[in-house]
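Below: one structure, written as structure tokens.
Below, chains carry the letters A, B, ... as their sequence lines are ordered, and counting in each starts from 1.
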Amino acid sequence: MQFNGKKLILGKLGLDAHDNGLRIVAKWLVGAGYEVIYSGLYNNPQRMVQMAMEEDVDAIGLSFLGCEHLYYANKLMAELGKRELGHLKIIMGGVIPPDDVATLKALGVGLVFTPGTPKDQILSSIKELLG
Amino acid sequence: MAKELKRSVEDMVAGVKQGRKRYAAELMSVIETDGRKAEKYLSQFTTPLKKAHIIGVTGWPGVGKSSLVYRMARSLLAKDKQVGIIAIDPSSPFSGGSLLGDRERMKGIDGDERLFIRSVATRGHVGGIAGSSRDFIRVMEAMGKEIVILETVGVGQDQVAVTQLVDTIILVLIPGMGDYLQSLKAGVLEIGDIFAVNKSDRMGVNQAVADLKNMVGLSQHQNEWIPPIVKTIAINGNGTKELMGHIDRHRQHLKKHGLIISKMRSAAKAEIIEVIMSRCIDYVAKAIELNGTLDKYARQILEGSSNPYRAADEILMNCGFIEPKQSLSRRRKVDE
Amino acid sequence: MNKNTDINVSYLDGEKVPHFKSLSDIEYERIYSGSDGSGELPDAGQYPFTRGIHQDMYRRRLWTRRQQSGFGSPEESNERIKYLLKVGQTGVNMDTDVGTKLGLDPDYPLAQGDVGLQGTSICTYEDMKALFKDIPLDEVSSTLIVQPPYSAVIMAQYLLLAKERGIPWENLIGTIMNCSLTQLVGPTFQSNTAFFPIDLTIKIGLDVMEYLIPRAPRWNIVNINAYNIRETGVNAVQEAAFSMAMAADYIKGLMKRGLDVDSFARRIAFFSAAQLDLFEEVAKLRGMRRIWARMLKETFGAKNEQSMWFRTAIQTAALPLTAQEPLNNIVRAAIQTLAAVLSGTQSIHTTGYDEAYSLPTEESHKLSIRTQQIIAYETKVVNSVDPLGGSYLIESLTDQIEEQTWEMMKVIADKGGFIQCFKDGWVEEQINEARYKMAEAIESGQHPIVGVNTFREQEEVAKINIFKHAEDMQAKRIEYAMAFKKNRPQEPVKQALEKICHLTNGSTNLFEPIMHAVEANATLQEICDALRKSADFTIPA
């Protein structure tokens with residue numbers, strides 16, 4: 001198989017260190033032919049956007065397990081707008097209550113995965129989003 | 001990812017020369033995906049030459065290369081240097097994807113204006129480096145980077161390719177690799193200009209240093225450079241100062257013996273050959289339907305009615321590269 | 001995997017579970033008989049305490065119902081503590097938020113998004129006062145979930161509070177978790193060392209213990225965090241071995257400071273997990289009691305029997321709880337609670353059914369307490385001590401787990417002890433291997449989870465009440481922290497912090513200087529930053 005032409009950067013914003021889900025998704029994406037830049041923990045929104053720009057990725061993938069998703073979604077979208085990087089797709093996953101999914105999408109988040117979404121669904125949704 | 005560049009050549013070149021990361025990032029993507037298209041930008045950067053000090057950091061997975069590169073970059077930034085990091089990770093031979101994890105170790109410096117980090121996958125290129133590595137270095141030099149650190153996937157014999165690209169090679173090892181060192185063939189350790197024994201707070205560090213000293217002593221070295229061995233603990237920075245000192249010394253050594261210029265000359269020649277070969281293949285592929293033709297010849301070879309040399313000659317003949325008469329007479333000579 | 005709701009005829013045929021291994025890969029026999037097991041057992045309350053550390057166990061006194069709580073501001077958390085005590089909780093258990101756990105004030109930029117979400121945000125002495133308002137510190141025992149070096153600040157705040165209320169420290173009952181290697185989520189090594197240098201963390205943890213031992217004799221100086229270890233996905237044997245080895249390191253650390261083992265060992269307790277393999281969990285705790293007793297007596301030469309008592313607080317493991325069909329978690333937690341009771345634990349936190357979504361609502365918190373009360377009062381399992389003791393299966397499993405645990409403890413000891421193994425990356429390797437195995441087992445269905453990879457229905461949205469934080473909670477906390485730092489006399493703070501800086505790199509016990517800084521109104525982060533500065537340590541921005 002060959003590199004499928006799409007790059008993503010995966011990471012976590014803020015202090016939460018639960019990265020198990022993120023690592024697993026990273027592995028799945030690599031197995032599906034993506035190039036995944038893994039930036040790990042303790043990122044802030046400005047830095048995340050900066051890295052996305054330097055690596056010229058197609059999408060940013062974030063995971064939230066502590067209810068901080070709305071706070072960071074707002075900050076991230078603002079930063080992307082400021083840097084004129086609105087074309088980047090945003091993917092979020094983790095412990096996100098179903099009520100908040102609509103709010104996130106309205107902010108501009110492209111995909112939201114709630115806990116237990118099977119691997120196949122995650123991969124096919126991302127494939128559809130990135131084209 | 002930018003595959004189509006909306007910027008004009010002038011804009012792009014100017015932006016990169018100003019050190020603007022966004023422009024450089026986009027250009028690098030084009031280099032990776034469409035080398036031919038990238039040429040028209042890259043040709044603007046080859047002259048006048050702005051040479052940076054290129055440092056290669058290589059070693060077995062898990063020895064702490066990224067953490068060491070972090071320490072090196074941090075030390076350089078503290079001296080207000082312009083730094084570039086190209087972090088190379090392997091592409092999976094099965095899926096084609098790649099996990100590029102070096103950014104994880106760069107926290108604390110990765111927001112710095114003076115630092116540009118780019119993660120690269122090998123995409124099938126052999127030698128532990130990526131096909132685009134040389135051009136990436138070129139872009140970084142054009143940006144004004146004074147030092148470019150190339151962190152490569154280092155496992156043994158295929159590291160030799162790195163030597164052509166970089167000026168100083170640091171080989172990173174950890175204690176407990178004694179058996180592995182013994183099994184290495186000549187030529188592998190020789191490429192190290194500096195050896196770093198990382199995680200040196202672990203058991204066996206003195207043995208590791210002794211083993212290295214033995215092996216290094218056995219190999220040939222050019223121009224009397226004796227590769228120093230430095231103990232480091234990348235996670236807390238121990239040994240960084242010493243390491244940076246050795247890098248400086250090596251750079252002086254290279255300058256003193258004119259080695260940088262001679263290497264640049266060889267590299268230029270090698271690159272011309274590469275471009276010629278790439279052009280030739282492109283030309284052939286454009287002139288004939290290459291895949292189908294290759295299929296046809298492969299079948300013939302397996303049937304025993306042809307051989308690879310004849311196949312190549314016939315293809316080149318069909319493309320107009322060689323005259324029919326010449327190939328006939330060559331064959332007659334061989335038969336005699 | 002079953003993805004549709006049509007009738008699956010193959011089940012009418014007779015379903016089977018995929019295998020007969022325990023959660024720790026121990027093969028369960030078809031049936032156990034008299035030839036398994038090690039024979040006669042000493043009574044509960046008798047060395048080596050396999051059947052229990054007290055002769056009468058729950059007949060004399062039930063385990064403590066100690067639900068973790070804490071969210072948002074100390075004031076909000078105080079309300080929830082009072083509510084829980086009202087519905088039948090018998091001990092307080094306060095959990096701090098991520099920022100507090102990492103020694104950051106609410107106004108630190110990287111911390112702002114996480115303030116108060118996963119626990120109480122504590123920053124100042126005032127906060128501690130607000131958290132424990134109206135709670136009688138000498139009548140109800142409190143567990144403070146905070147680790148070194150931050151535990152020094154929080155403990156100092158608590159001691160000052162007691163002093164202010166005229167309660168002698170000898171009368172304080174409770175625990176400070178104070179376990180150095182606890183941030184085991186995520187990239188283990190990184191998350192434990194990103195915000196504070198590890199050697200100083202361990203040293204301050206011992207400083208806290210050393211300070212408390214002579215002054216607060218009824219206070220537990222550490223809870224060895226076996227729970228966090230288990231939550232990473234490792235098995236029961238690893239949970240037991242890692243935690244025992246870690247305890248051994250702490251004991252050695254204290255003895256190196258000249259302390260006699262019997263002066264402190266009875267104040268060491270554990271914090272364990274109760275997973276879903278009920279028999280294995282019971283066997284695990286029985287095995288750990290035996291191991292602890294032997295280790296204290298034979299390895300460390302303890303003479304006092306109380307030093308040999310293995311005491312633990314149990315939380316029912318959150319790992320097996322699912323986001324799908326969350327009401328199923330009530331059943332899971334109930335069975336895990338039962339396992340904890342049958343194994344003879346000292347206190348229990350029953351994890352809420354909404355664990356996968358958020359912090360517990362009042363409703364789910366109450367249900368957790370009711371679960372424990374029903375088991376205590378309605379099922380009769382508390383009527384006899386160690387009710388499963390003597391079962392061929394339980395005795396055999398106890399022996400097996402004990403043996404495997406000793407073996408692993410030896411491996412760790414040979415590698416230089418748990419702390420060394422941690423620094424060398426060995427622990428992280430074990431954890432990553434376990435995580436990977438678990439993920440594979442879930443994907444393949446070898447590890448069945450009802451409603452997730454087995455008996456899963458089409459996409460349904462969970463319909464439960466999910467806890468919501470107050471909208472302005474974070475903004476208010478951030479404002480409070482900034483105002484507090486602005487509106488106090490700055491000189492005493494400066495002096496106290498300077499003193500800490502000077503003493504950091506020596507061998508002086510840092511607890512008192514830290515307590516003086518708290519008294520001078522320094523905040524948690526200010527104190528930690530002083531320590532970080534002396535250790536030349538930078539934290540992520």
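The two residues C:Tyr357 and A:Val95 come nearest to each other via the heavy atoms O-CG1, 3.2 Å.
Side chain of C:Gln118 to backbone of A:Gly66: a donor-acceptor contact under 3.5 angstrom is found. In this structure, the side chain of C:Asp114 does not engage the main chain of A:Gly14 through any donor-acceptor pair within 3.5 Å.
Between A:Pro118 and C:Glu443 the shortest side-chain heavy-atom distance does not fall below 4.5 Å.
The most heavy-atom pairs under 4.5 Å with chain C, out of A:Gly40, A:Cys67, A:Pro45, A:Pro97, come from A:Cys67. Considering only heavy-atom pairs separated by less than 4.5 Å from chain A, the leading option among C:Gly99, C:Gly113, C:Pro540, C:Ser358 is C:Gly113. Comparing A:Leu13, A:Leu65, A:Leu41, A:Asn43 by heavy-atom pairs within less than 4.5 Å of chain C, the highest count is held by A:Leu41. Most heavy-atom pairs under 4.5 Å with chain A: of the set C:Leu110, C:Leu104, C:Leu117, this distinction falls to C:Leu110.
Proximity to chain A (any heavy atom under 4.5 Å) is shown, for C:Ile449, by neither the backbone nor the side chain. Contacts of C:Gln112 with chain A are made by both backbone and side-chain atoms, with heavy-atom separations under 4.5 Å. Contacts of A:Ile96 with chain C are absent, with no heavy-atom separation under 4.5 Å from either backbone or side chain. Looking at C:Leu102, the atoms closer than 4.5 Å to chain A (heavy atoms on both sides) all sit in the side chain, from C-beta outward. For C:Ala356, the part lying under 4.5 angstrom from a heavy atom of chain A is the backbone only. In this structure, the portion of A:Tyr72 lying under 4.5 Å from any heavy atom of chain C is its side chain and not its backbone.
At most 12 non-hydrogen atoms from other residues, nucleotides or ligands lie less than 6.0 angstrom from OH of C:Tyr436.
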So C:Ser191 and A:Tyr42, side chain to side chain contact (heavy atoms under 4.5 Å, CB included) or not? Walk me through it.
-> CA-CA 9 Å; C:Ser191 55; A:Tyr42 311 132; 3.7 Å; yes

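Within residues 18-31 of chain A, the residues having any heavy atom less than 4.5 Å from a heavy atom of chain C are, in residue-number order, A:His18, A:Asp19, A:Asn20, A:Arg23, A:Ile24, A:Lys27, A:Trp28.
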